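Report on the structure given below.
By convention in this document, chain letters (A, B, ...) are assigned in the order of the sequence lines, proteins followed by strands, and residues within each chain are numbered from 1. These numbers were taken from a predicted model, which means no experiment stands behind them. The figures here come from the full heavy-atom set of this structure, side chains too, leaving out hydrogens, waters and symmetry mates.
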Protein chains: 2
Amino acid sequence: MGCWLKRLRDKYQRDCQAVDKLCPRSKAEKIQQREQELLQLAHQLVHEVGLNNVTMEKLVSASPYSKGTIYNHFCSKEDLFVALGVHSMGLCAELMHKAHQFSGSSRERALAVHFAYHLYGLLEPALFMCVLNCKTANVQQKASKARLAQLDKADEDIAQLCDSFFTQGIEDGSLTLEKSQIAAVSFANWACSFGTNLLLQNAASIYAISRLGAANKVLFNVNLVFDGMGWQPLSKDYDYKMSWQKIEQHFADYVEMLN
Amino acid sequence: MGCWLKRLRDKYQRDCQAVDKLCPRSKAEKIQQREQELLQLAHQLVHEVGLNNVTMEKLVSASPYSKGTIYNHFCSKEDLFVALGVHSMGLCAELMHKAHQFSGSSRERALAVHFAYHLYGLLEPALFMCVLNCKTANVQQKASKARLAQLDKADEDIAQLCDSFFTQGIEDGSLTLEKSQIAAVSFANWACSFGTNLLLQNAASIYAISRLGAANKVLFNVNLVFDGMGWQPLSKDYDYKMSWQKIEQHFADYVEMLN
DNA sequence: GTATAAAAATGACGTTTAGTCAAAAGTGAA
DNA sequence: TTCACTTTTGACTAAACGTCATTTTTATAC
């Protein structure tokens, strides 16, 4: 067994004992709690070995439990991945909520959401991929219904949060749009940001991307889409590079974690 | 062994014999040819069982060769996937070349490229995912250098082809852009289209997408980006839904294959 | 045609891993 | 303490990747 596996397990046991001392729990609560702790452990495992080298065996070794007990929590490896996906979407939602609090124009706040999404991808590249993985047919087949319902719920929450940024733009008059079109516009924004982040993460070395130089690609792409929507002020009339920097400061706590 | 495995192998053997009769080949050519035939076989296997159920064992069973011989061609499963990725990007490039021949405005021709990419995703959903998979760190580590070079080459070819559509727009005056910005704009278009297709394929069931209704999502998203670039005529001044239909007719041969 | 050396093909084997299940251990009520 | 029920355990099976000693084929020289 790798020494880091032992280290993970020891830390895990200390954590469990600490939590137990602080608040004695009922049986059901303990099981619920243990699941969260196993997820934390799996999360660390992802950082140690990378998403596609995570195995149930390693999770078993890193935890003080046996294989059977782990399978009581997660009916398959894919079920574990979906649980990790849900877990990481929590962080994503947290960042997006923080974007909501950015003070500026509605377009700037929407830009802050794209920043948040980008930041999420940088902070948790493996889990960003994991969420995509959760959507594939293979994983959908093998994960439990209950787990998939959690995933759908998390998706819906984030979608509604994103919608609210466009609603704000409509309300303050900077964005001219039928309310019925919000869904389509929201999807377009998501798709653009999703594609940009995914490609930057996974294809940075190829010609089409490496030739781009140092300019901020996310900002550039988002500006294209916002301008296409006619969201005032247009990028030719306003310095959104400055906004981006301000947004970066707004997220300073998280940006720090990148190092 | 599944009966379809036997069927695949029998068909493969008939094909080999037929090809051999038509044109006797040198040793090196035979090996080269066999690799192509193995790729065809793997491609069919993907259709039969889905990308993540393709195993080297199944490819061995479906071919008349032994495991060792298969591994002479592909140094790992990941190497096979990269080969499949390169293979499928050939189809993608073919479709994009056809888009180049669409007669219309330069913006309409660029729209045709997005159509081509979308069509590619519909025709080969599994291989579309496979190409993405090829970019992940895991696959990059396990595939052979030679194979990865092929992949980069294919990427570069497609990127340059895409660039040419924007160059046309600049030359006919409908698109105002510095030549130096083509790379950035090209990437933005790719990212948007990539994200849109990927989400439509893998997340169609979730709330944020299922609520969108029947409207053409790719066209909508591409129009946003083109409008953001200021590519004339803007979507408010021109009926691109009509263009989309014309493009669909232009690709009628391929569209037929969807059924 | 035969001998010999090089190249290619073979498939049994070692290893890793997902997932199962009968047996053991634990828990709480009577 | 007993007994019924729940939870945990880890040995086991099957699938799959990749290796390599052995066998077969092919090319060349005589």
Produce the list of close N/O pairs, under 3.5 Å, pairing protein atoms with atoms of nucleotides 18-20 of chain D; give distances to one decimal.
residue	atom	partner	partner atom	Å
D:dG18	OP2	B:Tyr71	OH	3.1
D:dG18	OP2	B:Lys77	N	2.9
D:dG18	N7	B:Lys67	NZ	3.3
D:dG18	O6	B:Lys67	NZ	3.0

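- Separating the OH atom of B:Tyr65 from the P atom of C:dG11 is a distance of 13 Å, rounded to the nearest angstrom.
- Among pairs with a residue in residues 122-139 of chain B, those fulfilling salt bridge (Lys or Arg N to Asp or Glu O under 4.0 Å) read B:Lys135-B:Asp155, at least two apart in sequence or across chains.
- Contact check, A:Asn72 against D:dT7: no side-chain N or O comes under 4.0 Å of OP1 or OP2.
- Listed by first and then second residue, the side-chain hydrogen bond (donor to acceptor under 3.5 Å, both in side chains) pairs involving residues 201-210 of chain A amount to none (not counting sequence neighbours).
- Whole-Å rounding puts the B:Asn53 CG to D:dC17 C1' distance at 16 Å.
- Rounded to whole Å, the distance from CD1 on B:Ile70 to C1' on D:dC17 is 14 Å.
- Screening residues 189-200 of chain B for side-chain hydrogen bond (donor to acceptor under 3.5 Å, both in side chains) gives B:His114-B:Asn189, B:His114-B:Ser193, B:His118-B:Asn197, B:Thr196-B:Asn221 as the qualifying pairs, with residues at least two apart or on separate chains.
- Counting any heavy atom pair closer than 4.0 Å across all strands shown, A:Thr55 reaches sugar-phosphate atoms only and no base atom.
- Look at B:Thr69 and you won't find any side-chain N or O under 4.0 angstrom from OP1 or OP2 of C:dA8.
- Atom P of nucleotide D:dT9 and atom CG of A:Leu59 are separated by 13 Å, given to the nearest angstrom.
- In this structure, B:Asn52 has no side chain to side chain donor-acceptor pair (under 3.5 Å) partners at least two apart in sequence or on a different chain.
- The side chain of A:Arg34 contributes an N or O atom lying less than 4.0 Å from OP1 or OP2 of D:dT8.
- In this structure, NZ of A:Lys58 is placed 13 Å from C1' of C:dT15, rounded to the nearest angstrom.
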Checklist entry - Does the salt bridge (charged side-chain N to carboxylate O under 4.0 Å, His left out) test come out yes or no for A:Glu78 and A:Arg147, once each step is laid out? => result CA-CA 10 Å; A:Glu78 285 71 24; A:Arg147 197 76 66 182; over 6 Å; no

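- The nearest whole Å value for the distance from the CG atom in A:Asn52 to the C1' atom in D:dC17 is 15 Å.
- Classification of the A:His43-A:His87 ring pair by plane angle, with boundaries at 30° and 60°, yields perpendicular.
- The phosphate of C:dG11 has neither OP1 nor OP2 within less than 4.0 Å of any side-chain N or O from B:Ser66.
- Listed by first and then second residue, the salt bridge (Lys or Arg N to Asp or Glu O under 4.0 Å) pairs involving residues 194-203 of chain A amount to none (not counting sequence neighbours).
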